[in-house]
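Only one structure is covered here, and it is reproduced in the block below.
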Amino acid sequence: MKISIPKGTKDILPGEIEKYKYVQTAFADMLENFGYSQIRFPVFEYTELFQRGVGDTTDIVQKEMYTFNDKGGRSVTLRPEGTASVVRSYIENGMSSNTQPVKLYYDITAYRYENVQKGRYREFNQLGAEILGSDSCNADVEVLFMLYSFFNGLGIQGLHLNINSIGCKTCRAEYNSILKEYFSDKTDNMCADCKRRYITNPMRLLDCKVDKCIEIAKDAPMLLDNLCDNCKEHFYNVTAGLDEINIPYIINKRIVRGLDYYVRTVFEFIAEGLGAQNTVCAGGRYDGLVEQLGGTDTPGIGFAMGLERLVETMKNSGFKFPTAKTPVIFIGYIGEKAFKVARTIANELRLKGIYCEIDINDRSLKAQLKFADKKDALYSVVLGDAEIDTNKAIIKNMKTQETKEVSIDSIVRRVVENII
RNA sequence: GUGGGUAUAGCUCAGUUGGUUAGAGCGCUAGGUUGUGGCCCUAGAGGUCAAGGGUUCAAAUCCCUUUAUUCACCCCA
């Protein structure tokens, strides 16, 4: 039977990988300028971390986790996201004793057992970051400024920042009862899902895509209009901060993050032209999470962006990605004796940091040059017995056809010093 | 879990109302008179027509089942 790649995964091949690397490097560079350090954590964690961190009632935990027992009988799970692990690490490594706030970024693959569709995979790449130990609105604004600048720098068009506040535990409890009251006499006309949501999670009623439910929910009271005074002030300060530094945003009262740990500020960067899965980056504040996972009460804010979706959006925006490296010079040869000289030159150049190609398939000179052309080499030189005897060879500029006779001894120096 | 589309060479795709050795372009390998690439020409390799079953004298083509893939719902990066 033919071996095939697992559903929802993909190989990232040469030609495509350069695009990913470009974004990953740009991300790391920017994050480090904002004072973040990289963190790495395991691909799998004990299942309990995600159950408690992401939340037992979320879709991620209920139906999307890659969970299995290891040989010691412990239940482990492939990470469906990064925040829970970062917080676990923060607690476990005593980072509450570090200079506050602690800023960490990560570049990971994540795993969710979902049905695949455009922009959604079972293994996918996330670039994310967390700030732990700041409850100030300045943290929120700084994160949003950084992300806005990052996307701007990548030349992305049609990406819109949507923000909302979903309050804290206290205002949310109060809001839920307000919401239930509003919907109490309307449940008969709602879809089956919404009837269930009415009981389990009334806030989700606002998210339904069914026409009649949208109609019913249209005039429902919004959480944003029912925040407690502290949350209201925090949100006001965040938007005021964004206004001050001219970051455009849309207040989207319908953003309800799907992970349990979010409080107060939540946001998404939504792209045009990506299909149904159009959220490129999402995040928010999670002030209670550290405590919930057994640490001391520590506020936090973070985000994650989907690398696949981001690269796709950049392609849609016509971004000119860097292409793969091409050889500076191709060293051709005729005969065994010449090969040994050519090999020495090639390897010397390579060790001096120059990308140099040489045929290792015993091909004819014609095939060698064809190879050089396919690899898009800038220069070529051919060594044969005559050249070796006279210590002279012709270097050719493959683009301009110009040729130049040089001594074989000088080839390495000429290429390194770029005087060809 | 639910619904729709698709499945022929490494890639993009032709393939007539069922008709005999299944095609093209690109790519790959080699050659075009023993030492100079691209363009052009020639040749070669590479297909259980997704798999299994059925109808038929005859199936890539029609029917059924399965699988894969893709888009969408739910939800999310």
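The chains referred to below are lettered A, B, ... by the order of the sequence lines, with proteins before strands, and numbering in each begins at 1. The basis for the numbers below is simple: all heavy atoms, side chains too, and nothing from hydrogens, waters or symmetry mates.
- Among the nucleotides rC73(B), rC74(B), rG37(B), the one closest to the side chain of Asn115(A) is rC73(B).
- The same atom, P, is picked in rG53(B) and in rA58(B); the two are 15 Å apart, to the nearest Å.
- For the pair Arg264(A) and Phe235(A), the NZ or CZ position fails the cation-pi test of under 6.0 Å to the six-membered ring centre and within 45 degrees of the ring normal.
- As rounded to whole Å, 16 Å separates atom C1' of rU34(B) from atom OH of Tyr333(A).
- Counting any heavy atom pair closer than 4.0 Å across all strands shown, Ser364(A) reaches sugar-phosphate atoms only and no base atom.
- In this model, a side-chain donor or acceptor of Arg120(A) finds a partner on the base of rC75(B) within 3.5 Å.
- Residue-level contact check: Gly128(A) touches neither bases nor backbone, having no heavy atom under 4.0 Å from any strand.
- Toward the 5' end of RNA chain B, the nearer of the two residues Ile5(A) and Glu308(A), judged by each one's closest nucleotide, is Ile5(A).
- Residue Arg309(A) places none of its side-chain N or O atoms closer than 4.0 Å to OP1 or OP2 of rC76(B).
- At a cut-off of 3.5 angstrom, counting only N and O atoms as typed in the model, there is a donor on one side and an acceptor on the other between the side-chain of Asp373(A) and the base of rG37(B).
- Backbone-only engagement by Lys7(A) is indicated by non-hydrogen atom pairs under 4.0 Å involving sugar-phosphate atoms exclusively.
- Counting to the nearest Å, the C1' atom of rG31(B) and the NZ atom of Lys370(A) are 9 Å from each other.
- For Lys10(A) and Tyr121(A), the positive end sits near the middle of the six-membered ring, less than 6.0 Å away and at most 45° from its axis.
- Mapping Gln126(A) and Gly8(A) onto RNA chain B by nearest heavy atom places Gly8(A) closer to the 5' end of the strand.
- Listed nucleotides: rG35(B), rC76(B), rA72(B). Nearest to the side chain of Lys118(A): rA72(B).
- In the interface, the side chain of Gln368(A) is not paired with the base of rG35(B) through any donor and acceptor atom under 3.5 Å apart.
- In terms of polar N and O atoms assigned as donor or acceptor, the side chain of Lys374(A) never comes within less than 3.5 Å of the base of rG27(B) in a complementary pairing.
- In terms of heavy-atom proximity, Gln292(A) sits nearest to Arg52(A) at NE2-O, 2.6 Å.
- Atom C1' of nucleotide rA77(B) and atom CD of Glu268(A) are separated by 10 Å, given to the nearest angstrom.
- Using N1 to N3 plus N6-O4 or O6-N4 for Watson-Crick, or N1-O2 and O6-N3 for G-U wobble, each under 3.5 Å, rG31(B) pairs with rC41(B).
- Straight-line distance between the C1' atoms of rA45(B) and rA51(B): roughly 26 Å, to the nearest whole Å.
- Taking every side-chain heavy atom of Ala386(A) into account, rG35(B) is the closest of rG35(B), rA77(B), rC74(B).
- Heavy atoms of Glu123(A) sit nowhere under 4.0 angstrom from any nucleic acid atom.
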Inset, instruction - Could you go through the salt bridge (charged side-chain N to carboxylate O under 4.0 Å, His left out) check for Asp389(A) and Lys337(A) one step at a time? - result: CA-CA 11 Å; Asp389(A) 290 344; Lys337(A) 194 169 130 197; 3.8 Å; yes
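- When the P atom is used for both rA30(B) and rG35(B), the distance is 16 Å, rounded to whole Å.
- For rU2(B) and rC49(B), the C1' atoms lie 31 Å apart once the distance is rounded to whole Å.
- In this structure, Lys399(A) places its NZ atom where more than 12 heavy-atom neighbours from other residues, nucleotides or ligands lie under 6.0 Å away.
- Proximity of a side-chain donor or acceptor of Gln277(A) to a complementary backbone N or O of Lys118(A) within less than 3.5 Å is not detected.
- As rounded to the nearest Å, rA22(B) and rA9(B) have P atoms that lie 14 Å from one another.
- Rounded to the nearest Å, the gap between the P atom of rU42(B) and that of rU8(B) is 28 Å.
- Taking every side-chain heavy atom of Lys63(A) into account, rC74(B) is the closest of rC74(B), rU29(B), rU2(B).
- Nucleotide rC73(B): paired with rG1(B) (Watson-Crick or G-U wobble, both distances less than 3.5 Å).
- One can find a donor-acceptor pair under 3.5 Å joining the base of rG37(B) and the side-chain atoms of Lys396(A).
- The distance between atom CG of Leu147(A) and atom P of rA77(B), rounded to the nearest whole Å, is 14 Å.
- Not a single donor-acceptor pair, N or O on each side, falls under 3.5 Å between the base of rG1(B) and the side chain of Glu114(A).
- There is a side-chain donor-acceptor pair under 3.5 Å between Glu268(A) and Thr279(A).
- The CZ-P distance, from Phe330(A) to rU36(B), rounds to 14 Å in whole Å.
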Inset, instruction - Determine, step by step, whether Tyr22(A) and Phe319(A) satisfy the ring pair (Phe, Tyr, Trp, His ring centres under 6.0 Å) criterion, reporting the C-alpha distance in whole Å, the side-chain angles of both residues, the deciding distance to 0.1 Å, and the verdict. - result: CA-CA 11 Å; Tyr22(A) 175 81; Phe319(A) 187 81; 5.4 Å; yes
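- By the 5.5 Å and 30° criteria, Phe371(A) is not stacked with the base of rG37(B).
- Following rounding to the nearest Å, Asp362(A) (CG) and rA30(B) (P) show an atom-to-atom distance of 11 Å.
- When the P atom is used for both rA77(B) and rC64(B), the distance is 41 Å, rounded to whole Å.
- Residue contacts shown for Asp385(A) include a base, since a base heavy atom lies under 4.0 Å away.
- Comparing rA30(B), rA72(B), rG37(B) by their nearest atom to the side chain of Ala367(A) picks out rA30(B).
- Between Arg112(A) and rC75(B) there is no side-chain N or O to OP1 or OP2 distance below 4.0 Å.
- When both pairing distances are held under 3.5 Å, rU67(B) makes a Watson-Crick or G-U pair with rA7(B).
- Considering only side-chain atoms of Gln117(A), the nucleotide from rC75(B), rA72(B), rG38(B) that sits closest is rA72(B).
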Inset, instruction - Start with the C-alpha distance between Tyr105(A) and Glu32(A), add both sets of side-chain angles, then the distance that settles side chain to side chain donor-acceptor pair (under 3.5 Å), and finish with yes or no. - result: CA-CA 9 Å; Tyr105(A) 76 88; Glu32(A) 283 170 17; 2.6 Å; yes
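- Comparing atom distances between the Glu387(A) side chain and each of rG35(B), rA72(B), rG37(B) picks out rG35(B) as nearest.
- Between the C1' atoms of rC62(B) and rA43(B), the separation comes to 39 Å (whole Å).
- Rounded to whole Å, atom C1' of rG38(B) lies 14 Å from atom CG of Asn397(A).
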